[in-house]
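Heads up, the thing below is written out as structure tokens.
Side chains are part of it too, since the values below use all heavy atoms of this structure and drop only hydrogens, waters and symmetry mates. Predicted model only: the values in this text are computed from it and were never measured.
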Amino acid sequence: VQLQASGGGTVQAGGSLRLSCAASGRTFSNYAMGWFRQAPGKERRFVSAITWNGDNTYYVDSAKGRFTISGDNAKNTVYLQMNSLKPEDTAVYFCAAAHSRAQQREVVVYQLMKSGYWGQGTLVTVSS
């Protein structure tokens, strides 16, 4: 399984970015996908996830109302639309995949963290 993240960049506070994560290597019809981020000197933390069938999406509290996760099964790609960006959103963003049909948030996030399928990371810098 290979994950290729892209779309990072530098924006001013209040701006928008859309991250993409293209998956390859197998059929992803039964995979949950998600995004995590790691700020300098901090641990990698959960940002957002989407269940294998798209029925449920989950967000960290700080991203609710600003970020939207979506998937395109035909392209094996998951997106993270980030609006109203803040300087505290500055981090390297990683996409993750897990072979999971779970729907519960805690299970999905745990399985994404432990799956071992990570993209290479894309840097998002938000200036004030």
Side-chain angles (χ1 to χ4, degrees):
V1 176
Q2 293 83 41
L3 302 175
Q4 181 71 38
S6 61
T10 300
V11 296
Q12 290 188 332
S16 298
L17 284 173
R18 188 177 81 154
L19 306 183
S20 299
C21 177
S24 62
R26 63 181 60 198
T27 302
F28 283 83
S29 57
N30 290 321
Y31 276 73
M33 303 286 289
W35 291 92
F36 293 73
R37 65 187 177 188
Q38 187 167 16
K42 296 189 177 180
E43 295 181 349
R44 191 173 300 187
R45 297 197 172 184
F46 169 73
V47 177
S48 182
I50 186 167
T51 53
W52 70 278
N53 57 0
D55 279 0
N56 288 290
T57 56
Y58 301 109
Y59 301 90
V60 66
D61 285 347
S62 61
K64 289 179 181 177
R66 300 189 299 125
F67 293 6
T68 303
I69 190 169
S70 61
D72 186 334
N73 285 338
K75 297 182 178 180
N76 279 345
T77 300
V78 65
Y79 304 98
L80 185 68
Q81 177 67 43
M82 303 187 296
N83 299 328
S84 301
L85 282 162
K86 304 176 181 180
E88 51 265 40
D89 295 318
T90 295
V92 177
Y93 284 69
F94 298 89
C95 61
H99 187 227
S100 171
R101 294 169 66 95
Q103 296 293 328
Q104 303 93 327
R105 174 192 172 110
E106 293 75 15
V107 176
V108 171
V109 174
Y110 177 82
Q111 292 180 336
L112 285 169
M113 292 177 63
K114 299 299 182 181
S115 73
Y117 297 139
W118 294 94
Q120 82 286 7
T122 184
L123 177 62
V124 172
T125 302
V126 184
S127 60
S128 57

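What you find for A102 and Q111 is that their closest heavy atoms are CB-OE1, 4.0 Å. S16 approaches N83 most closely through the heavy-atom pair OG-OD1, 2.9 Å. Between I50 and G71, the shortest heavy-atom contact is CD1-N, 4.0 Å. Summarising the geometry of A97 relative to M33, their closest heavy-atom pair is CB-SD, 3.4 Å, with the distance given to 0.1 Å. When all heavy atoms of A32 and V108 are compared, the pair lying nearest together is CB-CG1, 4.0 Å.
Q38 is listed as a side-chain neighbour of F94, based on a closest heavy-atom distance under 4.5 Å. Within the 4.5 Å cutoff, the side chain of Y117 has no heavy atoms near those of the L112 side chain. Looking at heavy atoms from C-beta onward, F67 lies out of side-chain contact with W35 at the 4.5 angstrom threshold. Looking at heavy atoms from C-beta onward, T68 lies out of side-chain contact with Y79 at the 4.5 angstrom threshold. You'll find the side chain of V92 stays beyond 4.5 Å of the side chain of R44, heavy atoms only.
Cluster membership check: V107 does not share its hydrophobic cluster with V109, using side-chain heavy-atom separations under 4.5 Å among Ile, Leu, Val, Met, Phe, Trp and Tyr. The cluster map of Ile, Leu, Val, Met, Phe, Trp and Tyr, joined by side-chain heavy atoms under 4.5 Å apart, puts Y31 and Y110 in different clusters.
Within the model, atoms CD1 of I69 and CD of Q81 stand 12.0 Å from one another, a figure rounded to the nearest 0.5 Å. Put simply, CG on L80 and OG1 on T122 are 11.0 Å apart, with the number rounded to the nearest 0.5 Å. Between atom OG of residue S128 and atom CD of residue Q12 there is a gap of 9.0 Å, rounded to the nearest 0.5 Å. In this structure, the separation between CG on L3 and CG on N76 is 10.0 Å, given to the nearest 0.5 Å.
No side-chain donor-acceptor contact under 3.5 Å links S100 to the backbone of A98. Panel note: side chain Q120, backbone A5; a donor-acceptor pair is recorded below 3.5 Å. Judged purely by atom type and a 3.5 angstrom limit, S48 uses its side chain to pair as donor or acceptor with the backbone of Y58. For R37 (side chain) and T90 (main-chain N/O), no donor-acceptor pair under 3.5 Å exists by modelled atom type.
Ring geometry, F36 versus W118: the interplanar angle exceeds 60°, so the pair is classed perpendicular (tilted spans 30 to 60°).
For D61 and K64, the salt-bridge test passes: some basic side-chain N is under 4.0 Å from an acidic carboxylate O.
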Exercise. Do W52 and H99 pass the side-chain contact (heavy atoms from CB on, under 4.5 Å) test, and can you show the C-alpha distance, the side-chain angles, and the key distance before you say yes or no?
Worked result: CA-CA 8 Å; W52 70 278; H99 187 227; over 6 Å; no

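In summary, the side chains of N56 and Q104 do not present any donor paired with an acceptor at a separation below 3.5 Å, with no hydrogens or angles considered.
Each of V11, V124, V47, V126 was checked for a side chain to side chain contact (heavy atoms under 4.5 Å, CB included) with M82, and the lone residue meeting it is V124.
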